[in-house]
Amino acid sequence: MKRYNPKEIEPKWQKTWEEQGIYRASEDLSKPKRYVLEYFPYPSGAAMHVGHVRNYTIGDIVARYARMQGQNVLHPMGWDAFGLPAENFAIKNNISPRLAIDQNTKRFKEQLMQMGFSYDWSREIDSTDPKYYRWTQWFFLLLFKKGLAYQQESLQWWCPVDKTVLANEQVEAGKCWRCGSDVEKKALKQWFFKITDYADRLLGDLDDLNWSDAIKTMQRNWIGKSKGAEVDFKLADKADVIRVFTTRPDTLFGATFMVLAPEHPLVGQITTTGQKQAVEDYIKESQAKSDIERQETDREKTGIFTGAHAINPVNNEKIPVWIADYVLSGYGTGAIMAVPAHDERDWEFAKKYKLPIIRVVQNDAPDEACTHDEGLMINSGAYDDLSSQEAREEIVSDLKKNGAADEHVNYKIRDWLISRQRYWGAPIPIIHCPKDGVVAVPEDQLPVVLPEIESYEPSGDGRSPLARVPEFINTTCPKCGGPAERETDTMDGFACSSWYFLRFADPQNEKEPFSRENAQFWLPVDDYIGGAEHAVMHLLYARFWTKVLYDEGLVSFEEPFKTLRNQGMILAPDGQKMSKSKGNTIEPDSLLSQGYGADSIRLMELFIGPWNQSAAWSIEGMGGTFRFLQRVWTLVQEHLSVQVSDQTTVELPRALAKATKAASQDMHELGFNTAIAALMELVNELYKLKLTTDIGSKQWKVALTTLVQLLAPFAPHITEELWQQLGNAGSVHVSDWPSWDEKLLITDTMVIVVQINGKVRANIEVPAGCSEGDITKAAQAHEKISEYLRGQAVKKVVYVPNKLINFVI
RNA sequence: GCCGGAGUGGCGGAAUUGGUAUACGCGCACGACUCAAAAUCGUGUUCCUUCGGGAUUGAGGGUUCAAGUCCCUUCUCCGGCACCA
């Protein structure tokens, strides 16, 4: 009898599938389309570990199940290969990024292939291929033409180790998202995409997405919409006006002082001579603090009086103007009206500097700041006794009359900084002409090819290594034909990934990024499977670009990803995050070389727990999934080794129907772990049945063939092999998902639970369809139950049809 | 601090609308096969127990004939954001 040997069968089938192209997608209108996508990976030098594999496994199960359900499945794969990790890897290993990516991609692809994932490799894309980034540049120009890409000098996050600026989204707790070093602020002229123009739509459209609440909430918080008003405070002795943003205009009568951020442009003008030195010292001191220090919320607030006073527009009170670094220059107007009675930060500041506190909303806690009070107004002149809600509206509308206030909405989200001072990215297709200024590279001159250069090291002077390449920089102006210079910054890697899902619909198109028809056919993505790490980066950027495309009439949908599925993280067996530095990673390569096979790894990835919950990898558990597959293999071999018979039984089809139903329902609800458990139960049942039935029977063949089909999405290799051994034609992976006969599940008897006061005391077996009266009698007649009921008055009998009877005594 | 998720055996986890808590797997124990071991097959396995039972889904209350599931209070862990006025 042949032994189960994954090393033998897995490569064989992988080769056959690729040769026969059974996973290729075509624009076939006869079947419903299904676009299943996993985020296209970064082919870094590190080997994939079982955590990454889980992501692709989930996608593959969804894709395979959909295919067996008769859907037309697009399940593509490609490489997000621009960006820092790839470049740093290349520098570290002293090879060119191009070469590093080619090597890594080859290796990564092998790793994916040996897991038996059903990708349509004919659609493979690589974001660093000029044929691809040509269109990334095309999108840049589209945004530029629409006024959504602009250049601006401002203070930006700068990573001193990676020597490039970073987007806000790429700074995590004050550290560079890639290398983990502390970031700094640096004033540089940079390119931005105007995502803030889309803030409201990006927020509103979240409601209709089938995404987890966790990710939706993260995006909502990141966009950070606040409704309120902008209010102008005139200075007491100067013509200048300080504009503030507030969400609580109802508390204007409680504004007892104002605070400007140290970087506020008015600071120099309004500071009085007497306070000049003190203010300058404070600003210097504040600048000396690292940006990380400034962001610590629990640090004691500091500030300094400017000597200037402003006039509160609601009551003409003169209030002092301070500066303090707890006010952020980048949010709102960079200035606030301070209402210590109703804001904790202002309260703390007022207490420290002995500034007046005036309560304007009634509440019961006089010794602290009451921030979210809604109540009756007090100390607010004509507005007294109004609700804060009413006061909010009336004060703004009254101030509006003399132009001192207006409704205003603020967002926390900032424009997306996309220029990078690094080599390995798509060049920004812009030419700087001394005469014509900033000029777009004409479309027919795309791509602006990234030149091959000798040294990729970032220079750290605020310009990319491309600035050292005269052949690249020097060009002619497309407008005037005179000498001009190319932009030397490259684009953030997230630009490439903001549209790649569209390219898969039409990957070889040389005339346009994608054809409308193909995009219309495949998009939006039906199932997008990935980790939560993309929540406020890729997933936000891709939504933004899709909306721009929609506005441009290039696509007919506003959201790229209908359903988002976040897989849970796989932790190391010690319960910690897997990382190379901790040395606790588990890689499929090593599991394969231990003889487990891709099938049992895949099974383990899902059987370990719900796909969207994290779980620690279990080395012993691998033995269990391997044993399970081996037991399936053995059953088929035993069946094949005996004569075919016509014996029929009731039990076999019934067990099969039960398992098919359970597995199908679980698959439908993505209950992969329980679907596998149902198949394990079936196999356990078959092991019992082979003792009492003839394993050579035709019924057994049906049962084993069905089992193989049910198992096929999880364990594609062994099932393909057994499918063939059982004498079936074609591939199990394009066979129809099995159905079951509900009639087989009807039994002659049923088991009724008998409870006394809600506690289970007995089980009784009664004929199917037995009436409530007969069940009550049968229960009362039960030896144990009659014991309990003896001498007791039954107050109530609760009967749940065909399930349970409860005597309340 | 705010937001999101989760707490069930020795371990990973299971449990339609509230209706037999602990499916399935791991681990462990015992048995069969074997000269022996591995592999394989089988049996058992929540805890306590005076063997009648009793207790049990992070903790404490509540609703109900009946609560892992619903309500209130509370604790712990994980993830995200963090002086956003």
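A, B, ... follow the sequence lines: proteins, then strands. Residue 1 opens every chain.
Under the Watson-Crick and G-U wobble criteria, each requiring two contacts below 3.5 Å, nucleotide B/rA37 is left unpaired. Look at B/rC81: its Watson-Crick or wobble partner, with both distances under 3.5 angstrom, is B/rG1. Pairing for B/rA55 is with B/rU46, a Watson-Crick or G-U wobble pair whose two hydrogen-bonding atom distances lie under 3.5 Å. Applying the Watson-Crick and G-U wobble criteria (two distances, each under 3.5 Å), B/rC26 pairs with B/rG10. When both distances must be under 3.5 Å, the Watson-Crick or G-U wobble mate of B/rU17 does not exist.
Of the candidate nucleotides B/rG53, B/rA82, B/rA85, B/rA85 has the atom nearest to the side chain of A/Ile336. When each of B/rA85, B/rG53, B/rC83 is scored by its nearest atom to the side-chain atoms of A/Asp325, the top-ranked nucleotide is B/rC83. Closest approach to the A/Asp213 side chain among B/rC24, B/rU40, B/rG4 is made by B/rG4 (side chain taken as heavy atoms from C-beta onward). Nearest nucleotide to the side chain of A/Val751, out of B/rG80, B/rA85, B/rU20: B/rU20.
Residue contacts for A/Gly624: at a heavy-atom cut-off of 4.0 Å it reaches the sugar-phosphate backbone alone, with no base atom in range. Nucleic acid contact for A/Arg414: base, since at least one base atom lies under 4.0 Å from a heavy atom of the residue. Using a 4.0 Å heavy-atom cutoff across all strands shown, A/Ala214 reaches sugar-phosphate atoms only and no base atom.
A/Leu635 has its CG atom 12 Å from the C1' atom of B/rC41, to the nearest Å. Atom NZ in A/Lys301 sits roughly 5 Å away from atom C1' in B/rC83 (whole-Å rounding). Taking atom NZ of A/Lys225 as the reference point, atom P of B/rA85 lies 13 Å away to the nearest angstrom. Distance CZ (A/Phe626) to P (B/rG25): 17 Å, rounded to an integer number of Å. Counting to the nearest Å, the P atom of B/rG25 and the CG atom of A/Leu682 are 12 Å from each other. Atom CH2 of A/Trp611 and atom P of B/rA6 are 13 Å apart (whole Å). Per the geometry, CD belonging to A/Gln637 stands 21 Å off P belonging to B/rA39, to the nearest Å. Atom CD in A/Glu344 sits roughly 12 Å away from atom C1' in B/rA85 (whole-Å rounding).
As rounded to the nearest Å, B/rC70 and B/rG79 have P atoms that lie 25 Å from one another. Atom C1' of B/rG53 sits at a distance of 26 Å from the matching atom of B/rU43, rounded to the whole Å. Comparing B/rA32 with B/rG19, their P atoms sit 44 Å apart, to the nearest whole Å. For B/rA66 and B/rG27, the P atoms lie 41 Å apart once the distance is rounded to whole Å. Between the C1' atoms of B/rU69 and B/rU57, the separation comes to 10 Å (whole Å). Nucleotides B/rU46 and B/rC11 have their P atoms positioned 13 Å apart, rounded to a whole Å. For the C1' atom pair drawn from B/rU63 and B/rC72, the interatomic distance equals 11 Å after rounding to whole Å. Separating the P atom of B/rU40 from that of B/rC51 is a span of 41 Å, rounded to the nearest Å.
With A/Tyr687 as the aromatic partner, A/Arg631 meets the cation-pi criteria of under 6.0 angstrom to the ring centre and within 45 degrees of the ring axis. A cation-pi arrangement is absent between A/Lys412 and A/Trp222, since the terminal nitrogen or guanidinium carbon is not both under 6.0 Å from the aromatic centre and inside a 45° cone about the axis. With A/Phe349 as the aromatic partner, A/Lys301 does not meet the cation-pi criteria of under 6.0 angstrom to the ring centre and within 45 degrees of the ring axis. Within the cation-pi definition used here (under 6.0 Å to the ring centroid, within 45° of the axis), A/Lys175 does not qualify as a partner of A/Trp177.
Base orientation of B/rG52: syn, the glycosidic angle falling within 90° of 0. Nucleotide B/rG58 carries an anti base; the chi torsion (O4'-C1'-N9-C4 or O4'-C1'-N1-C2) is more than 90° from 0.
Between A/Ser226 and A/Glu681, the residue anchored nearer the 5' end of RNA chain B, judged by the nucleotide with its closest heavy atom, is A/Glu681.
Under the side chain to side chain contact (heavy atoms under 4.5 Å, CB included) criterion, A/Lys225 pairs with A/Asp200, A/Leu203, A/Lys227, A/Val409, A/Tyr411, not counting sequence neighbours. Annotation: side chain to side chain contact (heavy atoms under 4.5 Å, CB included) contacts of A/Glu783 (sequence neighbours excluded): none. Residues meeting the side chain to side chain contact (heavy atoms under 4.5 Å, CB included) test with A/Val760, sequence neighbours left out: A/Val753, A/Gln755.
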For nucleotides 42-52 of chain B, print each protein N/O atom paired with a nucleotide N/O atom at under 3.5 Å, atom names and distance only.
residue : atom : partner  : partner atom : Å
B/rG42  : OP2  : A/Arg631 : NH1          : 3.3

Tabulate atom names and distances for all N/O pairs under 3.5 angstrom spanning the protein and nucleotides 61-63 of chain B.
none

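By the 4.0 Å N-to-carboxylate-O rule, A/Arg220 lies close enough to A/Asp207 to be salt-bridged with it.
A/Arg654 CZ: more than 12 foreign heavy atoms inside a 6.0 Å radius. Summarising the local packing, NZ of A/Lys658 is surrounded by 12 or fewer heavy atoms from other residues, nucleotides or ligands at distances under 6.0 Å. Residue A/Leu745 qualifies as enclosed at atom CG: its count of foreign heavy atoms under 6.0 Å is above 12.
Side-chain nitrogen and oxygen atoms of A/Lys796 include none within less than 4.0 Å of the OP1 or OP2 phosphate oxygen of B/rU64. For the pair A/Arg627 and B/rG27, the criterion of a side-chain N or O lying under 4.0 Å from OP1 or OP2 is met. Applying the 4.0 Å criterion to OP1 and OP2 of B/rA85, one finds that A/Tyr326 has every side-chain N and O outside that range.
Donor-acceptor pairing under 3.5 Å, judged by distance alone, is absent between the side chain of A/Lys795 and the base of B/rC65.
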Treat primed atoms plus P, OP1 and OP2 as sugar-phosphate and everything else as base, then score nucleotides 8-19 of chain B 5' to 3': B for base contact with protein heavy atoms under 4.0 Å, S for sugar-phosphate contact only, - for none. ----BSS--B-B

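A centroid separation of 6.0 Å or more is found between the aromatic rings of A/Phe192 and A/Trp416. Between A/Tyr4 and A/Phe626, the distance separating the two ring centers is shorter than 6.0 angstrom.
A/Ile58 and A/Phe672 make their closest contact through CG2-CE1, 4.2 Å (heavy atoms, listed as atom of the first residue, atom of the second, distance).
A donor-acceptor distance shorter than 3.5 angstrom exists from the side chain of A/Asn55 to the backbone of A/Ile529, with no hydrogens or angles considered.
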